[in-house]
Amino acid sequence: MPITDYKNYFFSMIDIKNIDPSPYQHRKHFDENRLRELGASITRDGLIEPVIVRPQKNGKYQLIAGERRLRAIKDYTDMTVIQAKIADVGDLQARRISAAENLLREDLSTIESIEATIEIIDVEMGKDPAYLTAGKTPLERVVKLLLKLDSIRVSKDRGSMVSRELDDLFHKFMEQVESIFKNLPKPLKWRSFLNNDLILLTDIPLHVRNASVKHDLNKSQTKALAKLEQVSGKVFQEIIQKGFIPFKDQKNNHLPKLALNELSAREIQAFAEDLEKTDKKTEQKHDNGHRDFSTQIMAALMTRLGIPHARIAQRLNIHRETISKYARKNHEIFNKIHQEFKNRSPVPDIAQKYFIPQALAWSVILEEKTDQERFKALNWGLRTWDNWYFNDADHRFGDDWPGRIPAQLVAHTLFYFTKENDLVFDPMAGGGVVADTCLAFNRRCWSFDLLDRMNTRPEIEPFLWDPENLVWPVPAAKKPDLSFFDPPYFKKMAEHYMKGSISGFSKAKYLKFFKDLFSLMREHAKPSSRIAFLNADFRNFQSIPAFDEKPENAILLLEYAKLLENCGWKITHLIDCPLSTERFTGNIVTHMQAKRTLGIIRRTLIIGKL
């Protein structure tokens, strides 16, 4: 049965004063100019489509669908009555009708369409009591259901064992879900909705979503706007108020104004990236002009990461007593940061005002929060299944770096496999995503990397993992609770890494390096220690048909798992963290199809314990 079919209704003229608003309305923004135009049209031509209401016990009616028409009549006509379709339906059916009618509207925004779709799914699935236990809100329930189904599907596709309980759950709900999506007013594929639509509600802040609705942005434009808000909350607010981005030509003259929804996502993204580059240059100038202050902040950052004062003093070339003096000054700054945040100042602006890394600002703001509250404050959805797919790296955490991983991935690892104040060891820190995320989640972190960036990354100590003579970089007594290991992947982006990077090793040398390092890590672990190793399959698939690939040229994740087990680590979890497919452009995909080439997006986080 189509989702908008319902019986038991009749038509009547109703006094508009007797119609109460709908509790199921998903439309958040009503453009006054369009309402005025609609009011004029109704005055001239009459109401073409009646509103839908249902009777209430108090003799009044509750609106189900048609709020825009009702508002236009109330505010921009002299009419006192309205034609209505009166439907005798319960709460669930009223929700269903409201959501379905909204989806049929051409002028419903992207965010509102996603919310209406969630409402329909929740109503349909809500007939099953087991589904209703999955979360407190429709969004929580729908996200958990679809993630669970997708996780089971992935496990089945790769030939992994699935318990009978999960298999029964899969068959119980899959047919229902596919039927619901097929019968939506605008049919969708459920996996596409999970991967491309739901993230707009789970990963994008509410005020950005509200701006998207107000300016009628599509999915790509909304994601680009979220990037802009992350770069500068202040500039974001100015642009939302004005409704346009002040582009300039090469001669610094203002270009013609275009409404936000007239700009492509690429144009909004480019503006955000240019603004980010400008901010970085400004921050560098501030650092050069405030060297003493910069050292003070460096000491605060390293202290919060649990690095011993003796090591901080040596790294910053200061006396240990100076660190204590800095602590008192930093306490005053941190109190001001708390107050700024309470006054609703955006975190990027706070960080810029006090010349501190944004991750340190988040550390101060979130220090009294629980992990789940931290996820919420950072606008990250908390995944409860073993498929952690994130479209973009969160630029607030970590530097622009080859192979940069999403901070959300690190945060999930901390949530499930560590507790507050645990020590995390990052042997190949790269852009510092792990250290920054540990700051926000109140974990200690010691980080090491080939490149010494004293002025921008004092917490990442320079260290060479010499394959001919592997040694441990910290005192033997300092044993980590978790070693998070995201190494340069074999042969991938080798030209972007420093000379000496393991990415350029031969296959035999690359695998031997890990064998020796895994063994060294085991020697310096405690009974409760965990290892989290992130890597991807390597196959030399470029321009080669999948049938002709040679296994001797590949390194699959299975080999890393075997190495870990042979070195004394017991594998406890294999978590899918897929790479983005954006690098596979239309032309590349066409070429791969012609060649029968099979690309790689599989990336897995391997968790091990002693």
Side-chain angles (χ1 to χ4, degrees), residues 297-309 311-312 315 330 334 337 347 351 356-380 382-383 388 390 393-399 401 403-449 453 456-461 463 473-474 478-487 521 524-526 528-534 575 577 605 607:
I297 293 303
M298 287 179 183
L301 184 149
M302 296 174 76
T303 299
R304 279 184 170 260
L305 285 171
I307 301 173
H309 281 191
R311 207 172 181 94
I312 296 174
R315 175 81 169 131
N330 286 327
F334 296 161
I337 289 172
V347 176
I356 66 172
Q358 192 172 158
L360 180 57
W362 279 112
S363 174
V364 173
I365 291 164
L366 301 177
E367 60 186 338
E368 300 297 330
K369 304 290 186 182
T370 65
D371 280 349
Q372 286 171 292
E373 289 170 337
R374 291 174 177 128
F375 269 94
K376 186 174 182 179
L378 292 166
N379 295 296
W380 292 344
L382 179 55
R383 309 312 199 236
W388 299 347
F390 306 100
D394 191 324
H395 90 284
R396 296 173 295 181
F397 299 90
D399 302 331
W401 202 260
R404 179 183 185 178
I405 61 174
Q408 302 96 306
L409 192 159
V410 179
H412 277 73
T413 308
L414 298 179
F415 179 82
Y416 287 109
F417 301 106
T418 68
K419 57 183 181 299
E420 288 204 46
N421 205 41
D422 272 359
L423 175 60
V424 178
F425 188 84
D426 186 3
M428 294 184 177
V433 173
V434 174
D436 282 359
T437 312
C438 283
L439 270 175
F441 280 77
N442 195 24
R443 269 65 166 178
R444 295 175 294 148
C445 183
W446 287 20
S447 307
F448 303 89
D449 200 74
R453 290 168 288 157
T456 57
R457 284 286 176 182
E459 77 280 14
I460 302 178
E461 299 183 42
F463 187 79
V474 296
K478 301 294 183 181
K479 299 183 185 298
D481 297 284
L482 171 73
S483 293
F484 190 100
F485 200 5
D486 171 40
M521 287 180 162
H524 292 273
K526 51 190 178 183
S528 60
S529 292
R530 302 265 180 162
I531 188 170
F533 179 77
L534 183 68
I575 301 169
C577 307
L605 182 67
I607 305 294

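Everything numeric here is computed off the predicted structure, so don't read it as measured data.
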Just so I know, are the side chains of Val474 and Phe448 near enough to count as touching, which here means a heavy-atom distance under 4.5 Å? yes
Check against salt bridge (Lys or Arg N to Asp or Glu O under 4.0 Å), Arg457 and Glu459: CA-CA 5 Å; Arg457 284 286 176 182; Glu459 77 280 14; 2.6 Å; yes
Do Asp486 and Val434 have side-chain heavy atoms sitting under 4.5 Å apart? no
Check the surroundings of atom NZ in Lys479: do more than 12 heavy atoms from other residues, nucleotides or ligands lie under 6.0 Å from it? yes
Kindly state whether the ring of Phe397 and the ring of Trp380 have centres lying under 6.0 angstrom apart. yes
Counting N and O atoms only, with roles assigned by atom type, does the side chain of Ser363 sit under 3.5 Å from a partner on the main chain of Ala359, one being a donor and the other an acceptor? no
Would you compute the distance between atom CG of Asp394 and atom CD1 of Ile405 and round it to the nearest 0.5 angstrom? 12.5 Å
To the nearest 0.5 Å, how far apart are CG in Asp422 and CG in Leu414? 9.0 Å
Within-4.5 Å side-chain heavy-atom neighbours: Phe463 and Pro427: no
Taking every heavy atom of Met302 against every heavy atom of Pro458, the minimum-distance pair comes out as CE-O, 3.7 Å
What are the two closest heavy atoms between Arg404 and Gly398, and how far apart are they? NH2-O, 2.9 Å
Just verifying a value: how many Å separate His524 NE2 and Ser529 OG, rounded to the nearest 0.5 Å? 11.5 Å
Given side chain to side chain contact (heavy atoms under 4.5 Å, CB included), test Ile356 with Val364 step by step and report yes or no. CA-CA 11 Å; Ile356 66 172; Val364 173; 5.8 Å; no
Could you measure the distance from the CG atom of Leu409 to the OG1 atom of Thr437? Nearest 0.5 Å is fine. 9.5 Å
Treating Asp481 as the side-chain partner and Leu423 as the backbone partner, does any N or O pair qualify as donor plus acceptor under 3.5 Å? yes
Do Arg443's NZ or CZ and the ring of Phe484 fall within the cation-pi criteria of under 6.0 Å and 45°? no
Counting C-beta onward and ignoring hydrogens, is there a side-chain heavy-atom pair between Phe415 and Gln372 closer than 4.5 Å? yes
Heavy-atom check, side chain of Glu367 versus side chain of Phe334, under 4.5 Å: no
Euclidean distance, Leu305 CG relative to Ser447 OG, rounded to 0.5 Å: 7.0 Å
To the nearest 0.5 Å, what is the distance between CZ on Phe441 and NE2 on His412? 8.5 Å
Ile337 versus Ala361, closest heavy-atom pair with distance: CG2-O, 4.5 Å
Scanning both residues in full, the closest heavy-atom pair of Leu301 with Leu360 reads CA-CD1, 4.2 Å
Apply side chain to side chain contact (heavy atoms under 4.5 Å, CB included) to Asn442 and Arg374, showing your working. CA-CA 10 Å; Asn442 195 24; Arg374 291 174 177 128; 3.5 Å; yes
Tell me, with the steps shown, if Ile307 and Trp446 meet side chain to side chain contact (heavy atoms under 4.5 Å, CB included). CA-CA 7 Å; Ile307 301 173; Trp446 287 20; 3.8 Å; yes
As a quick check of understanding, evaluate side chain to side chain contact (heavy atoms under 4.5 Å, CB included) for Ile312 and Arg315, giving each step before the final call. CA-CA 5 Å; Ile312 296 174; Arg315 175 81 169 131; 5.7 Å; no
Minimal non-hydrogen separation, Ile297 against Asn330, with atom names: CD1-OD1, 3.8 Å
Mutual orientation of the aromatic rings belonging to Trp388 and Tyr416 [parallel < 30°, tilted 30-60°, perpendicular > 60°]: parallel
For Asp436 and Arg396 the tightest heavy-atom approach is OD2-O, 4.5 Å
Would you say Arg530's side chain and Leu482's backbone share a donor-acceptor pair under 3.5 angstrom? no
